[in-house]
Amino acid sequence: MQGRRYLAVSLARALTQAPSRSISSTPSLLQTLDPSAPSPAAAGAPTTAGRLAELRRPKHAASSMMFNHFTISALQGILADLGEKVESEFDSISIDLAELIAMELGVNTRRMHTGVGTMESRPAVVTVMGHVDHGKTSLLDALRQTSVAAKEAGGITQHIGAFVVEMPSGASITFLDTPGHAAFSAMRARANVPIVVAINKCDKSGADPERVRIQLGSEGLLLEDMGGDVQVIEISAVAKSGLDKLEEALFLQAEMMDLKARIDGPAQAFVVEARVDRGRGPLATAIVKSGTLVSGQHIVVGAEWGRIRSLRDTAGNITESAKPAMPIEIEGLRGLPMAGDDVVVVDSEERARMLSQGRKKKQEKDRLRKIDENMPDDADIAEDGTPERVEMPIIVKADVQGSVQAVTDALRSLNSAQVFVNVVHVGVGPISQHDIDLAQACGAYIVGFNIRTPLIAITQAATRANLKILQHKIIYHLLEEMGRLIVEKAPGTAETQISGEAEVLNIFELKGRSKSKGPDIKIAGCRITDGHFSKSGTMRLLRSGETVFEGPCASLKREKQDAETVDKGNDCGLVIQDCDDFQVGDVIQCLEQVIRKPKFISTQSGSVRIEC
């Protein structure tokens, strides 16, 4: 194994409070197995999972860090599957085995790569960020002389990709073109990196770059003009002016950072985008961070695995290998990874399959745990037995994996104290009969983002099952419709409000009533001065601003006729149950119970939320 690779291990809080540890590319069994992990029930099956379970059983106390012969023999069974050998707890094991054992112990793991090896300069990778309609795609069009912008709907870049732009100087820069909506922020800027500001549309008559500079400074951005280190370039993507200065600024920043990467040994890469092609299967667009990715290697990408069948550059040409900062399209995966997943090269198909299975198992456990944490418990049940928080299951389908992730994150941001947005299934591609069946089973809404219209048979099946399908190409519109549905589904909060106010003008008394009709009663002759009175409401009697009595309405009449409501400006006769202490000049308020629904709030910056 070329180069040194590290496995950073931090025990999950649910298991232990032990500090994070790093394990080298040749960790010993003693380093990898943590006896503080909980001991499960004995597992005697001679399977890989069973052998891993046996590794959790220490011979002595935690301080001894020793394991018995039975544990070592169980480990040797796993090693046989991986083609490795160990004779004691001090022997070195591979990073793949270390990750497998850590996952079985319930430990969170992350592979760390060092820069040891042959270092060479690499091109800069630039993430283009900005709000909708600020001209991000137009800028890239101007740089690479293509016409992607004209194909996009609603000003939002719906397909996220990586592009290599050849500059006039002969050098190249890798650009990440990302959507401008706030929902896609997870796909942008995954690290703390320097900023170069390009003030676009400076060719317009009303352009005021100086005002933009002041606004940037007020947000804490230290510009060069103000003694800081952030470069600011005035450009026009349409007029293609200032692009040479922008190129110069980017190369200056890259030169200051002295960007280098290891080119030998196994590659480390990350996924920018993933999609399913009807003829080629799952495809992942990735950028190599270090090492060299070679066609034919076995890889694990997130929880998916495969053998690289082909690598294609941004022009669609097949290439045998990819070096750092080079975006490539990987073909040959067994499933669709997520945007942001790491690409890990392993030695064999067996290792790739085992790592993929272990990661999928852990992902499912984490998913179920999160659902359990968000579901209401007994303490969230109201006195009438109705849960204060209802579930809204949703199925998400989109054109590419990055859009799936971004839309899912945006929908989950609409979670509130009253409605739990539960994304039960996600996928890439058009809505299928399987989606209809799943939605019918759990009562889910189906969300389609930037995909083709479902087949007539699918639409009819959804109609028969009384399922709602929401299809949009603009994420603003999708979130607005989902917001309205969430507000409708929310149970709301019961509140008491004053629906009307009246002044007592006269007092009438009915005396000498028979026993069958009840005792004598007093009637308040009132005039409604504000709002309306309802017979179903509760009446509050006020005198000099103080509450004298509060009780239900026993009778409400207008012009000697029973009335359910009386509006402002009308006179009425009012009887309050068990109240006979009226005085002329008293004020009576009508109180009604109302259900206050949450509000869907959308800001100018593109962020949305549900406010209860």
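Reckoned from all heavy atoms, side chains included, excluding hydrogens, waters and symmetry mates.
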Starting from the C-alpha separation in whole Å, work towards a yes-or-no answer on side-chain contact (heavy atoms from CB on, under 4.5 Å) for Ile451 and Gln471. CA-CA 8 Å; Ile451 57 176; Gln471 278 203 272; 3.4 Å; yes

Which value, rounded to the nearest 0.5 Å, describes the distance between Lys489 atom NZ and Phe420 atom CZ? 12.5 Å

Cationic N near anionic O, under 4.0 Å, Lys360 to Glu304: yes

Are there more than 12 heavy atoms of other residues, nucleotides or ligands under 6.0 Å from atom CD of Gln215? yes

Could you point out which residue of Leu470, Leu414, Ile394 forms a side-chain contact (heavy atoms from CB on, under 4.5 Å) with Leu485? Leu470

Restricting to side chain to side chain contact (heavy atoms under 4.5 Å, CB included), what partner residues turn up for Leu438, sequence neighbours left out? Ile395, His425

Flag the pair His532 / Glu592 as yes when at least one side-chain heavy-atom distance between them is below 4.5 Å, and no otherwise. yes

Does some side-chain heavy atom of Gln583 sit less than 4.5 Å from a side-chain heavy atom of Val548? no

Which heavy atom of Pro430 sits nearest a heavy atom of Lys397, and at what distance? O-NZ, 2.9 Å

Among residues two or more places apart or on two chains, list those pairs meeting salt bridge (Lys or Arg N to Asp or Glu O under 4.0 Å) that have a residue in residues 574-586. Arg543-Asp581, Arg543-Asp586

Under 3.5 Å: donor-acceptor pair, side chain of Lys568, backbone of Asp530: no

Rounded to the nearest 0.5 Å, how far apart are CG of Asn422 and CE of Met392? 11.5 Å

Any residue meeting side chain to side chain contact (heavy atoms under 4.5 Å, CB included) with Ala237, in chain and number order, not counting sequence neighbours: Ser138, Leu139, Asn200

With a 4.5 Å limit on heavy-atom distance, are the side chains of Cys590 and Met539 in contact? yes

Student check: side-chain heavy atoms of Asp571 and Ile528 closer than 4.5 Å: no

Could you state the interatomic distance from OG (Ser403) to CG (Asn450), rounded to the nearest 0.5 Å? 6.5 Å

Residue pair Glu210 / Asp208, side-chain heavy-atom distance below 4.5 Å: yes

Which atom pair, heavy atoms only, marks the closest approach of Ala398 to Val404? CB-CG2, 3.4 Å

dist Ile588:CD1 -> Leu574:CG (nearest 0.5 Å) comes out at 5.0 Å

Got more than 12 heavy atoms from elsewhere within 6.0 Å of CD1, Ile456? no

Does Gln363 form a side-chain contact (heavy atoms from CB on, under 4.5 Å) with Met338? I'd like the steps, not just the answer. CA-CA 12 Å; Gln363 282 184 355; Met338 300 291 290; over 6 Å; no

Reference residue Pro454; test side-chain contact (heavy atoms from CB on, under 4.5 Å); the match among Ile431, Asp435, Ile446: Ile431

Restricting to non-hydrogen atoms, name the atom on Gly500 and the atom on Phe533 that form the minimum distance, rounded to 0.1 Å. C-CE1, 3.4 Å

Check: Gln418 side chain, Gly492 main-chain N or O, donor-acceptor pair, under 3.5 Å: yes

Separation of Leu283 CG from Asp277 CG (nearest 0.5 Å): 5.5 Å

For Ala490, is there any backbone N or O sitting under 3.5 Å from a side-chain donor or acceptor partner on Lys597? yes

Residues that Gln433 engages under side chain to side chain contact (heavy atoms under 4.5 Å, CB included), provided they are two or more places apart: Ile436, Asp437, Ile458, Ala461

Please determine whether the number of non-hydrogen atoms from other residues, nucleotides or ligands lying under 6.0 Å from atom CZ of Arg527 exceeds 12. no

Hey, is the main chain of Asp399 close enough, under 3.5 Å, to the side chain of Arg275 for a donor-acceptor pair? no

Just do the side-chain contact (heavy atoms from CB on, under 4.5 Å) check on Val400 and Val276 with the steps written out, would you? CA-CA 7 Å; Val400 291; Val276 176; over 6 Å; no

Look only at the side chain of Ser356 and the backbone of Ala303, and say whether a donor-acceptor pair between them is shorter than 3.5 Å. yes

Assess whether atom CG of Asn466 is packed by more than 12 heavy atoms of other residues, nucleotides or ligands within 6.0 Å. no

Let me check something: any side-chain donor-acceptor pairs from residues 557-565 under 3.5 Å, sequence neighbours excluded? List them with distances.
{"residue": "Arg558", "atom": "NH2", "partner": "Asn570", "partner atom": "OD1", "Å": "3.1"}

A side-chain contact here means heavy atoms from C-beta on lying under 4.5 Å apart; do Phe600 and Arg484 qualify? no

Ignoring hydrogens and geometry, is there a side-chain-to-backbone donor-acceptor pair from Asp409 to Ala406 under 3.5 Å? no

For Ile507 and Phe582, the nearest pair of non-hydrogen atoms, with its separation, is CD1-O, 3.1 Å

How far does CG of Leu510 sit from CD1 of Ile521, to the nearest 0.5 angstrom? 4.5 Å

Nearest heavy-atom approach of Gln440 to Ala465 is CD-CB, 3.8 Å

If you define the side chain from C-beta out and look only at heavy atoms, does anything of Cys579 sit under 4.5 Å from Leu541? yes

Applying ring-ring contact (aromatic ring centres under 6.0 Å, His included) to His477 and not counting sequence neighbours gives none

Between Ala444 and Leu467, which heavy-atom pair has the shortest distance, and what is it? O-CD2, 4.0 Å

Can you check whether Ile498 reaches Leu591 side chain to side chain, under 4.5 Å on heavy atoms? yes

Would the distance check show the side chain of Thr529 and the main-chain N or O of Glu501 forming a donor-acceptor pair, the cut-off being under 3.5 Å? yes

